[in-house]
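Any value given below was found using the heavy atoms of this structure, including those in side chains, with hydrogens, waters and symmetry copies removed.
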Amino acid sequence: MKRSEHAATVVARLATDLFQAEASQDEAVNQLGRLAQSLTRSRRDAGLSATVGQAAFDALADAVAAQVGAQRAVVALHVALADVKRNTSYRGVQMGGMEKSDQPIPRPTGLALVS
């Protein structure tokens with residue numbers, strides 16, 4: 001295997017794993033949002049007061065904050081890996097179709113409860 005082919009294989013494998021990790025982070029945030037909806041709906045359907053189960057909502061808020069922090073760390077990892085690529089012999093490896101946009105899609109930083 002030529003050196004350039006090896007480099008392309010290494011970069012492609014890492015990029016695939018990174019993008020899958022980013023997608024997993026997004027899905028985890030989505031799942032926590034669904035859980036928030038379910039908690040709210042379940043409390044209402046059970047006829048419970050808004051004061052019942054507040055500790056569960058507080059724990060969910062902590063979980064969301066932790067997940068968003070983890071998501072932020074994966075984004076920082078992405079940037080750090082881009083710097084490694086740019087500052088090494090891997091900078092010339094082209095990854096057609098895998099380049100990220102210069103204008104990233106805004107990510108929500110909070111969670112809205114929907115009842």
Side-chain angles (χ1 to χ4, degrees):
M1 179 182 289
K2 291 181 182 179
R3 187 176 183 99
S4 61
E5 291 172 352
H6 177 68
T9 300
V10 168
V11 171
R13 181 183 60 232
L14 186 56
T16 297
D17 291 345
L18 176 61
F19 296 151
Q20 286 177 352
E22 289 174 340
S24 294
Q25 291 289 333
D26 288 343
E27 182 58 24
V29 171
N30 286 335
Q31 291 294 331
L32 288 170
R34 286 187 197 113
L35 179 56
Q37 291 175 335
S38 183
L39 282 174
T40 302
R41 188 179 320 113
S42 296
R43 182 169 62 183
R44 183 187 61 230
D45 291 350
L48 300 173
S49 163
T51 61
V52 174
Q54 186 58 45
F57 283 94
D58 292 342
L60 177 61
D62 291 344
V64 169
Q67 189 62 50
V68 170
Q71 190 175 30
R72 186 178 306 111
V74 170
V75 170
L77 170 62
H78 188 113
V79 171
L81 288 171
D83 287 344
V84 169
K85 183 177 183 257
R86 189 173 32 258
N87 295 318
T88 65
S89 61
Y90 290 92
R91 68 182 159 275
V93 177
Q94 296 298 315
M95 298 304 300
M98 297 187 85
E99 297 299 319
K100 295 287 189 165
S101 169
D102 288 339
Q103 296 181 355
I105 297 170
R107 293 178 187 248
T109 57
L111 178 67
L113 293 179
V114 178
S115 59

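Under the side-chain contact (heavy atoms from CB on, under 4.5 Å) criterion, Asn87 pairs with Asp83, sequence neighbours left out. For the side-chain contact (heavy atoms from CB on, under 4.5 Å) test, residues two or more places apart in sequence or in another chain that qualify with Asp17 are Arg13, Gln20. The side-chain contact (heavy atoms from CB on, under 4.5 Å) check on Gln54 picks up Arg43, Phe57, Asp58, with sequence neighbours excluded. Residues meeting the side-chain contact (heavy atoms from CB on, under 4.5 Å) test with Thr88, sequence neighbours left out: Val84, Tyr90. Scored by the salt bridge (Lys or Arg N to Asp or Glu O under 4.0 Å) test, Asp62 finds no partners at all (sequence neighbours excluded).
Other residues sharing the hydrophobic cluster of Leu48, ordered by chain and number and joined by side-chain separations under 4.5 Å: Val52.
In this structure, a donor-acceptor pair under 3.5 Å is absent between the side chains of Gln67 and Gln71.
We find the CZ-CD distance between Arg34 and Glu27 to be 5.5 Å, quoted to the nearest 0.5 Å.
Residues Glu22 and His78 approach most closely at OE2-ND1, 2.6 Å, considering heavy atoms. The heavy-atom pair separating Leu35 from Leu60 by the smallest distance is CD2-CD1, 3.8 Å.
In this structure, the side chain of Thr9 engages the main chain of Glu5 through a donor-acceptor pair within 3.5 Å.
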